[in-house]
Amino acid sequence: MEVKRLDVIPSLAWVAITIMSLLLAVRYYKRGDLSSFWAEMGFVIGAGAVGVLYLVERQDLRTVITIVAIVGIVISVIALLLGR
């Protein structure tokens, strides 16, 4: 597997977004706002999966990572719909 430099740049950007969102989720948890916490955690799962997707070449792993990203989005949407 050959990872190109241009594939790593978007992946690092998604990792940075994931870390910032994880810190925001911890802030929501400490405040007791669980609906926003779960919405942010769903985004963290989805963003982390998308960040890894740039580096994977095998099609079966790409399918699994895409499913994980969709599950993260579903968690966010359910938390937003139930919590507000």
Side-chain angles (χ1 to χ4, degrees):
M1 178 175 141
E2 182 180 330
V3 177
K4 298 175 185 152
R5 180 181 292 178
L6 293 178
D7 293 338
V8 174
I9 293 171
S11 180
L12 289 176
W14 279 106
V15 167
I17 291 170
T18 302
I19 290 171
M20 289 187 309
S21 295
L22 190 58
L23 292 173
L24 185 61
V26 169
R27 184 185 309 165
Y28 286 140
Y29 184 77
K30 286 183 178 181
R31 288 184 187 168
D33 188 6
L34 291 180
S35 63
S36 295
F37 168 75
W38 282 111
E40 200 65 36
M41 284 304 292
F43 180 75
V44 166
I45 293 169
V50 170
V52 173
L53 191 61
Y54 288 105
L55 302 176
V56 176
E57 290 182 359
R58 289 180 39 195
Q59 186 59 36
D60 56 345
L61 290 177
R62 290 179 69 85
T63 303
V64 170
I65 293 170
T66 303
I67 291 170
V68 169
I70 292 170
V71 167
I73 293 169
V74 168
I75 290 171
S76 291
V77 169
I78 289 173
L80 287 174
L81 290 177
L82 292 178
R84 306 224 183 246

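The first residue of the sequence shown is numbered 1, and numbering continues consecutively from there.
- A search for side-chain contact (heavy atoms from CB on, under 4.5 Å) contacts involving Val15 returns Ile19, not counting sequence neighbours.
- Hydrophobic clustering (ILVMFWY, side-chain heavy atoms < 4.5 Å, transitive): Trp14 and Ile65 are in distinct clusters.
- Annotation for Ser76 and Ala39: closest pair OG-O, 2.7 Å, computed over non-hydrogen atoms.
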Donor-acceptor pairs under 3.5 Å, side chain of residues 42-50 to any protein atom, not counting sequence neighbours: which ones?
none

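- For Ser21, the side chain to side chain donor-acceptor pair (under 3.5 Å) partners are Glu40, not counting sequence neighbours.
- Ile78 meets the side-chain contact (heavy atoms from CB on, under 4.5 Å) test with Val74, Leu82; sequence neighbours excluded.
- Counting only residues at least two apart or in different chains, side chain to side chain donor-acceptor pair (under 3.5 Å) contacts with residues 59-74 comprise Arg58-Asp60.
- Atom CG of Leu55 and atom CG of Leu12 lie 8.0 Å apart (nearest 0.5 Å).
- Listed by chain and number, the hydrophobic cluster partners of Val26 come to none, as no ILVMFWY side chain reaches under 4.5 Å of it.
- When the side chains of ILVMFWY residues are joined at heavy-atom separations under 4.5 Å, either directly or via intervening members, Val68 and Tyr54 end up in two distinct hydrophobic clusters.
- The hydrophobic cluster containing Leu22 also contains Leu24, counting ILVMFWY residues as joined when their side-chain heavy atoms lie under 4.5 angstrom apart, directly or transitively.
- Under the 4.5 Å side-chain heavy-atom criterion for ILVMFWY residues, no single connected hydrophobic cluster contains both Val71 and Ile73.
- Residues passing the ring-ring contact (aromatic ring centres under 6.0 Å, His included) test with Phe37, sequence neighbours excluded: Tyr29.
- Of the possible donor and acceptor atoms, none in the side chain of Ser35 sits under 3.5 Å from a partner among the backbone N and O of Leu80.
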